[in-house]
Undergrad: 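Sharing a structure, written as structure tokens. Questions coming.
Within every chain, numbering begins at 1; the chains are lettered A, B, ... in the order of the sequence lines, protein sequences first and strands thereafter.
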Amino acid sequence: MIRSSCCRKLSTQCKTNAWTRFPQHGFSTQSGLFPEEHMIHTSPQISDFNSHAYASMLQNCIINGESTTGKSLHCHILKRGGCLDVFAYNVLLNMYVKSDLLSDAHKVFDEMPERNTVSFVTLIQGCAMALRFVEGIELFFRLHREGHELNPFVFTTILKVLVSMEWAELGWGVHACIQKLGHGSDAFVGTALIDAYSACGLVDPAREAFNEIIHKDMVSWTGMVTCYAENGFFEEALELFSRMRMVELKPNNFTLVSVFKALLGVGAVDVGRSIHACALKMRYEMDPYVGAALLDLYTKTEDIEDARRVFEEIPKDDVIPWSFMIARCSQSDRSEEAVELFCQMWQTLVMPNQFTFASVLQACATMAGLDLGKQIHCHVLKVGLDSNVFVSNALMDVYAKCGKMENSVELFMESTNRNDVTWNTLIVGYVQLGDGDKALNLFLDMLGDQVKATEVTYSSVLRACAGLAALEPGTQIHSLTIKTIYDRDIPVANALIDMYAKCGSIKEARLVFNMMSKRDLVSWNAMISGYSMHGLGVEALRIFENMQKTGIRADKLTFVGVLSACSNTGLLDKGQAYFNSMVYDHGIDPCIEHYTCMVGLLGRLGHLDRAVNLIEEMPFEPTVMVWRALLGACVTHKDVELGRISALRVLEMEPQDEATYVLLSNMYATARRWDNVASVRKSMKKKGVKKEPGLSWTENQGTVHYFTVGDASHPDMRLIYGMLEWLNMKTKKAGYVPNCDAILLDVDDDEKSRLLWVHSERLALAFGLIRTPFGSPIRIMKNLRICMDCHAAIKCVSKVVQREIVIRDINRFHHFQNGTCSCGDYW
DNA sequence: CGGCAACTAA
């Protein structure tokens, strides 16, 4: 009687707690799986405290996922002071484990009057589900210590835990134990072993485990096929699959997934199609995993139509097929399609996840679709995924690629989750927009924030250095890459070659190139165009010939380098031959850059008529670069009329291009057509052409020293002007005659000569001569084309002072040495 | 009363 009243009391308690708060999980009369409330009091089994009845009711709770009901049953048992048998306790334990209530499970486990192997295995499962692997392992040891039976269930369970922990050492011990007990022949244990070895990439031991299984079932075969497929043994996977069919085991959906993966690995799409047909016959086409594997197969082999067909067929109530298609479209340059799919998905009410957003935003970034990006940004906020690091990185990338760095920075400032990609996105954004200074500052902040720089970081900041022609920072970053071993990364090494070449250290560039153990197309292209921009055409062509021997196929950019090397060096026959070879041997359609090189090459050697013919013949509208190339040739070869036409074409496209006015004026002056010189000056004034201030700079001991024309602001100015006086005297003696045509101002020749000697590049040169040790090269950068007279003067200086002088102007590098320049006086 | 295998990926 006492028991009964307790029970009544408890049942009302439970009713208020469970029934009112969770009506949907309460005692369900409709399901018929649980007795109605009054039945608890009247049921004879329960009043007799029948463990078996509780066990079966708890089992029903597990099947139906009714943890609340299970809990109240537990309450009943406790209140009645009842003592279940070990079987019923195990079911109770399992009920808590399956309801993700590990601490309750632990409590039950501790309170059980006796435990058996099943109790341990059940709790270990719970620990594994809650990712508390160490606890699981401890229970395994305790099970062993307390002398419970080590049956196959124990091993399948513990092997799974070990795989999750990636604890191989203990795995071997467990395998030894399995063999000692002879459980290796058990299909379940054997398959768990296969999976464990597969996860470690140990295919041979997995195969041994497979061979030991006496009665191999479907799962064992599939496990082994999967092991091969996962570890890149695609042929073996397919071979085992066909053997499996010979023993007349029908593959299931699991098998098919691995087979499709293996087929993708060997690129056998056609076989894939026939197995796809089998899958249809076996009605597995609606399995989401099979669907995803098929999408994987068809999208990776560029067979988008088949992929689309699969996609149309399979169920789309899950985010994965959508994400899959969107991701693959974004990655394979079908951004519009990716966006379209995203819109469709949005309408089906399937919730996009972080992957979906990251992928569709990637498509937006590729398309530079700002409005679209903003709309998706709104969706991201709505869904609350804006704090996800992948999504916010992708958003930052969209804004950066659309040139909206301020928005990108804003997101960066707000972000609470940052990783290396976050920093890289911003750095790459600045580099792409040509803001190298900001990129480098951000790199320093990144290092200060203890974020590890990656290959992407290094190659980007090196690109920034290349753009800024900043040799010293570039060299420092080079040492950082060596320290972190990232210098062995091909893109980083390629960026180093480019950086050294663009900073004037072509020898260092070659050194990096030589040190590379593996080179790709970009490495060769970087080296070829590096030599080309330094006027070392013969070296460039030698590199190109070596490249041919490696079997790496040349592309458009390779030939831009090769042809500009010919152009910069004046190798007409070779240039023509390479141009033909490009078209006929390499099957590359010439683009406007190739034609520009050829126009420059013909023009440089005085074949102005042929250059004009080529312009007329080429299948493109000539760009400003083409006309500039022709203008340069006209200046050199004193063809005033053609030069005038070329200059007008340039000015039509870029009316504010001061350099062109200067060239035009110089040309007229050389031809002594003074009235034309005056009209050029007039039209410059009329059009309000702003002279871009000429700026030259040189690095010295970590500081960049800038000079403008006639600059007197540098602290070493007295020394610099002293040096210039001395150079003036020495070069005059060595035969240098000032070319006053380079000065457009209407002043007398003495004054013109004086003005020439305060050109920014000469100030920088004088500073370099004062501040650098004898014998070391002097590197100067200029933001405009080097002036003709400076070019002549510096050639002379290089002989007088016996120093190598490297000047990078807006077009190329000039290596002055012993009275000559690597450009051969043509640039 | 307990155990083994498969999907996207910035």
Undergrad: Per the atom types in the model, does the base of B/dG3 pair as donor or acceptor with the side chain of A/D186 at under 3.5 Å?
TA: yes

Undergrad: Is the ring centre of A/H377 less than 6.0 Å from the ring centre of A/Y399?
TA: yes

Undergrad: Nearest to the side chain of A/T222, heavy atoms from C-beta on, is which of B/dC1, B/dA5, B/dC7?
TA: B/dA5

Undergrad: Go through B/dG2, B/dC1, B/dA6 for me and flag the one nearest to the A/Q125 side chain.
TA: B/dG2

Undergrad: To the nearest angstrom, how far is A/N94 atom CG from B/dG2 atom C1'?
TA: 7 Å

Undergrad: Rounded to whole angstrom units, what separation is found between the CG atom of A/L162 and the P atom of B/dC4?
TA: 14 Å

Undergrad: Please output the side-chain donor-acceptor pairs of residues 288-298 of chain A that fall under 3.5 Å, not counting sequence neighbours, one pair per line with the distance.
TA:
residue: A/D296; atom: OD1; partner: A/K300; partner atom: NZ; Å: 3.2
residue: A/D296; atom: OD1; partner: A/R328; partner atom: NH1; Å: 2.8
residue: A/D296; atom: OD1; partner: A/R328; partner atom: NH2; Å: 3.0
residue: A/Y298; atom: OH; partner: A/H276; partner atom: ND1; Å: 3.0

Undergrad: Indicate yes or no for a side-chain donor-acceptor contact from A/S51 to the backbone of A/D85 under 3.5 Å, with no hydrogens or angles considered.
TA: yes

Undergrad: Using the benzene-type ring in the case of Trp, are the ring centres of A/W167 and A/F133 under 6.0 Å apart?
TA: no

Undergrad: How would you list, by chain and number, every residue that makes a ring-ring contact (aromatic ring centres under 6.0 Å, His included) with A/Y96, sequence neighbours excluded?
TA: A/H74

Undergrad: Nearest to the side chain of A/T157, heavy atoms from C-beta on, is which of B/dC7, B/dG3, B/dA6?
TA: B/dG3

Undergrad: Mind listing the residues from residues 231-244 of chain A sitting with a heavy atom below 4.0 Å of DNA chain B? Number order is fine.
TA: none

Undergrad: Taking the minimum atom-to-atom distance to the side chain of A/Q331, which one of B/dA10, B/dG2, B/dA5 wins?
TA: B/dA10

Undergrad: Residues two or more places apart in sequence or in another chain: which of them pass side-chain hydrogen bond (donor to acceptor under 3.5 Å, both in side chains) with A/N424?
TA: A/T454, A/T457

Undergrad: Phosphate oxygens OP1/OP2 of B/dC4: is one of them under 4.0 Å from a side-chain N or O of A/K160?
TA: yes

Undergrad: With sequence neighbours excluded, what pairs up with A/R243 under the side-chain hydrogen bond (donor to acceptor under 3.5 Å, both in side chains) test?
TA: none

Undergrad: My understanding is that only residues two or more places apart in sequence, or in another chain, count here; which of them pass ring-ring contact (aromatic ring centres under 6.0 Å, His included) with A/F210?
TA: A/W221

Undergrad: At under 4.0 Å between heavy atoms, what does A/V91 touch on the DNA or RNA strands: base, sugar-phosphate, or nothing?
TA: sugar-phosphate

Undergrad: Determine, for A/K107 against A/D110, whether the closest basic-nitrogen to carboxylate-oxygen distance falls under 4.0 angstrom.
TA: no

Undergrad: Just jot down the side-chain hydrogen bond (donor to acceptor under 3.5 Å, both in side chains) partners of A/T422, sequence neighbours excluded, or say none.
TA: A/N393, A/N419

Undergrad: Residues two or more places apart in sequence or in another chain: which of them pass ring-ring contact (aromatic ring centres under 6.0 Å, His included) with A/F241?
TA: none

Undergrad: Between A/R115 (CZ) and B/dC1 (C1'), how many Å, whole number?
TA: 16 Å

Undergrad: I want to check one thing: is the phosphate of B/dC7, taken as OP1 and OP2, less than 4.0 Å away from some side-chain N or O of A/K261?
TA: yes

Undergrad: Heavy atoms under 4.0 Å, any strand shown: does A/S359 hit a base, just sugar-phosphate, or nothing?
TA: nothing

Undergrad: How long is the line joining CE of A/M129 and P of B/dG2, in whole Å?
TA: 14 Å

Undergrad: Does anything in residues 142-156 of chain A reach DNA chain B, meaning a heavy atom under 4.0 Å, and if so which residues?
TA: A/N151, A/P152, A/F153, A/T156

Undergrad: Under 4.0 Å between any heavy atoms, over every strand shown, what does A/T117 touch: base, sugar-phosphate, or nothing? Just pick one.
TA: base

Undergrad: B/dC4, B/dC1, B/dG3: which one has an atom nearest the side-chain heavy atoms of A/D217?
TA: B/dC4

Undergrad: Classify the ring geometry of A/F140 against A/F155: parallel below 30°, tilted from 30° to 60°, perpendicular beyond 60°.
TA: perpendicular

Undergrad: Of the residues in residues 380-401 of chain A, which ones touch DNA chain B at a heavy-atom distance under 4.0 Å?
TA: A/F390

Undergrad: Near DNA chain B, which residues from residues 312-327 of chain A have a heavy atom under 4.0 Å away?
TA: A/I320, A/S323, A/F324, A/A327

Undergrad: If I take atom CG in residue A/L181 and atom C1' in nucleotide B/dG3, what distance separates them, rounded to the nearest angstrom?
TA: 16 Å

Undergrad: Tell me whether the NZ or CZ atom of A/R142 lies within the 45° cone about the ring axis of A/F120 and under 6.0 Å from its centre.
TA: no

Undergrad: Start with the C-alpha distance between A/R308 and A/E337, add both sets of side-chain angles, then the distance that settles side-chain contact (heavy atoms from CB on, under 4.5 Å), and finish with yes or no.
TA: CA-CA 11 Å; A/R308 284 278 339 196; A/E337 222 173 311; 2.9 Å; yes

Undergrad: Roughly how many Å is it from CZ in A/F188 to P in B/dC4, rounded to a whole number?
TA: 8 Å

Undergrad: Which nucleotide in the list B/dG3, B/dC1, B/dC7 gets nearest to the side chain of A/Q59?
TA: B/dC1

Undergrad: From the list B/dC1, B/dA5, B/dC7, which nucleotide is the closest neighbour of the side chain of A/F87?
TA: B/dC1

Undergrad: Could you tell me which residues satisfy salt bridge (charged side-chain N to carboxylate O under 4.0 Å, His left out) with A/R132, sequence neighbours excluded, listed by chain and number?
TA: A/E135

Undergrad: Just how far, in rounded Å, is P of B/dA10 from CD of A/Q362?
TA: 7 Å

Undergrad: Just how far, in rounded Å, is P of B/dC1 from CE of A/M57?
TA: 15 Å

